[in-house]
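Have a look at the structure below before the remarks.
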2 protein chains.
Amino acid sequence: MSLIPIRPGAQPGEGRAAAPAAESGRRDAARNRELLLCAAREIVEESSVDALTMDRLARRAGVGKGTVFRRFGSRAGLMMALLSDAEAEFQGRFMFGPPPVGPGAPPLERLIAVGAARIAWTLEFGELARAADASAHNRFDVPPAVLWHRHLEMLLREAGVTADPWLMASALGAALEPELLLHSVGVHGISPERLAETWRELVTRVVGGQ
Amino acid sequence: MSLIPIRPGAQPGEGRAAAPAAESGRRDAARNRELLLCAAREIVEESSVDALTMDRLARRAGVGKGTVFRRFGSRAGLMMALLSDAEAEFQGRFMFGPPPVGPGAPPLERLIAVGAARIAWTLEFGELARAADASAHNRFDVPPAVLWHRHLEMLLREAGVTADPWLMASALGAALEPELLLHSVGVHGISPERLAETWRELVTRVVGGQ
DNA sequence: ATGCTAAACGGACTGCGGTCCGGTTATATT
DNA sequence: AATATAACCGGACCGCAGTCCGTTTAGCAT
């Protein structure tokens with residue numbers, strides 16, 4: 001799949017060694033990587049994201065624990081690897097897809113649409129995203145997060161928001177964080193539609209529209 | 001201190017046993033509690049928040065590890081206990097303090113002021129708050145967080161925000177989360193003034209003002 | 001003072017994420 | 001085919017948060 005591979009098959013360099021890419025040399029490494037991703041998905045759908053521990057994954061895949069960490073760097077890295085296809089597909093949508101999420105629509109419309117899309121995306125893959133964020137030292141500096149943030153910033157600029165678009169993008173982005181969305185839906189029973197509607201209201205007011 | 005004690009000297013019930021309050025019976029328990037809080041503060045100022053591990057704290061205070069967990073329930077509970085005075089003081093400011101943070105000023109002014117105050121507060125105590133959030137299952141449901149959220153919601157209502165004030169409060173509150181603020185300042189070198197200014201802009205636009 | 005009981009105590013124990021290092025193996029070179 | 005070497009592999013090991021349970025003790029009632 002991977003329309004916009006953010007370094008395809010590479011994890012965000014956790015330890016010092018960084019990025020044993022998918023195609024570089026050793027075929028057994030690549031094979032183990034797929035083996036592990038496959039086993040990880042099995043564990044997740046059999047039980048839950050929380051059940052996906054590094055030891056368990058290693059034993060399930062029949063490899064040593066060290067191998068798991070060498071491949072993915074950390075638990076967060078593993079989660080991101082599991083998410084990377086879905087993430088890349090989402091990136092493709094807002095960067096090259098059809099309007100109003102993709103380019104071609106007015107910026108405010110794009111903001112509204114991409115927020116709604118993000119909400120839907122999060123409700124589908126959010127458990128993994130939340131787990132990734134949870135044990136992430138630097139969740140804000142990871143490539144997909146940076147790209148997402150820059151995209152929001154760009155849309156805000158295009159929409160005519162002059163005051164510190166960088167911080168505005170941070171503030172608005174915070175309203176779409178998986179932890180918050182999942183909590184709203186899961187604990188308080190808020191519907192996705194209401195989330196999207198409030199996002200629309202929020203972003204409309206921020207760009208000074210209406 | 002504790003102007004508005006959120007159950008004074010009690011931790012947000014973590015385990016099943018919950019809330020061995022400060023004054024109830026056994027004086028040794030209360031004594032150990034103070035002993036532990038004191039030792040915890042020592043460790044933090046000698047080293048850092050990260051250096052404050054439960055084992056270390058227990059040994060430093062000369063008690064068993066079980067005692068630490070019985071008193072505070074979890075690491076997050078300990079962090080909240082360490083924060084509780086500062087948190088209570090802040091609550092006092094926005095609920096009963098002088099305007100514009102406290103009551104008496106127009107709602108938009110109060111929103112702007114309380115955000116700025118929150119930013120300053122976070123930059124002072126944020127390390128503890130971040131540590132508390134980090135290992136908190138239910139960081140949104142803890143009393144101070146709920147009170148803060150409801151306060152934002154109330155101000156939004158008073159300011160005439162009709163559309164789903166609950167979610168709007170969540171969204172705006174997310175822009176003031178310790179993790180985000182500390183990241184902006186610490187990693188990207190954003191100044192507190194710029195944070196406050198952007199908050200002013202954001203909240204002004206949201207309430208539809210000028 | 002003495003005895004009773006509920007509560008507090010300590011520290012061994014578990015499972016987890018993450019690191020390290022000696023042994024192994026795939027690939028390139030000759 | 002033999003060799004060299006860089007990368008890979010496994011699993012023992014560490015520190016941490018959190019749990020459990022047998023033991024001790026504070027406070028009360030008599």
Side-chain angles (χ1 to χ4, degrees), chain A residues 10-36 40 43 47-80 131-137, chain B residues 11-36 40 43 47-80 131-138:
Chain A
Q11 86 287 29
E14 197 80 32
R16 60 272 135 223
E23 78 299 322
S24 90
R26 302 287 292 247
R27 253 188 302 279
D28 52 349
R31 182 179 47 80
N32 271 343
R33 182 169 214 278
E34 295 313 311
L35 196 64
L36 283 165
I43 292 174
S47 312
S48 73
V49 173
D50 298 315
L52 179 53
T53 70
M54 302 303 261
D55 292 86
R56 184 119 89 138
L57 174 58
R59 293 197 40 203
R60 173 73 163 244
V63 304
K65 192 177 179 177
T67 301
V68 181
F69 277 91
R70 198 169 323 96
R71 281 287 87 79
F72 301 107
S74 68
R75 193 176 132 97
L78 169 65
M79 297 301 174
M80 291 182 198
D133 290 353
S135 57
H137 27 220
Chain B
Q11 86 287 27
E14 197 78 34
R16 59 275 133 218
E23 78 299 321
S24 90
R26 301 288 290 249
R27 255 188 299 279
D28 52 349
R31 184 179 46 81
N32 270 342
R33 184 169 211 277
E34 295 313 311
L35 196 65
L36 283 165
I43 292 174
S47 312
S48 73
V49 172
D50 298 315
L52 180 54
T53 70
M54 302 302 261
D55 292 85
R56 184 118 88 136
L57 174 58
R59 292 196 42 202
R60 172 75 163 242
V63 304
K65 192 175 179 178
T67 300
V68 181
F69 277 91
R70 198 169 323 97
R71 282 287 86 78
F72 302 106
S74 68
R75 192 177 133 97
L78 169 65
M79 298 300 173
M80 291 182 198
D133 290 354
S135 57
H137 27 221
N138 56 345

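Protein chains get the first letters and strands the later ones, always in sequence-line order, with residue 1 at the start of each.
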* To do: Using atom CG of Leu57(B) as one end and atom C1' of dA17(D) as the other, report the distance to the nearest whole Å.
  => 13 Å
* Asked: Any donor-acceptor pair under 3.5 Å linking the side chain of Arg75(A) with the backbone of Leu52(A)?
  -> yes
* Could you state the interatomic distance from CZ (Arg70(B)) to OG1 (Thr67(B)), rounded to the nearest 0.5 Å? -> 4.5 Å
* Got a sec, which pairs hit salt bridge (charged side-chain N to carboxylate O under 4.0 Å, His left out) with one end in residues 49-58 of chain B, sequence neighbours left out? -> Asp55(B)-Lys65(B)
* Rounded to the nearest 0.5 Å, how far does CZ of Phe72(B) lie from CE of Met79(B)? -> 11.0 Å
* How close or far is atom C1' of dC16(C) from atom CG of Leu78(A), stated in whole angstroms? -> 14 Å
* Asked: Can you tell me how far CZ of Arg31(B) sits from CG of Leu36(B), rounded to the nearest 0.5 angstrom?
  -> 10.0 Å
* Structure fact -> Per-nucleotide protein contact along nucleotides 9-16 of chain D, 5' to 3', at a 4.0 Å heavy-atom cut-off (B base, S sugar-phosphate only, - neither), is BBB----S
* Structure fact -> Rounded to whole Å, CZ of Phe72(B) lies from P of dA17(D) at a distance of 14 Å
* Rounded to whole angstroms, how far apart are CG on Asp50(A) and P on dG15(C)? -> 17 Å
* To do: Round to the nearest Å and state the distance from Phe69(B) atom CZ to dC13(C) atom C1'.
  => 13 Å
* From Arg59(B) CZ over to Thr53(B) OG1, what is the distance, rounded to the nearest 0.5 angstrom? -> 9.5 Å
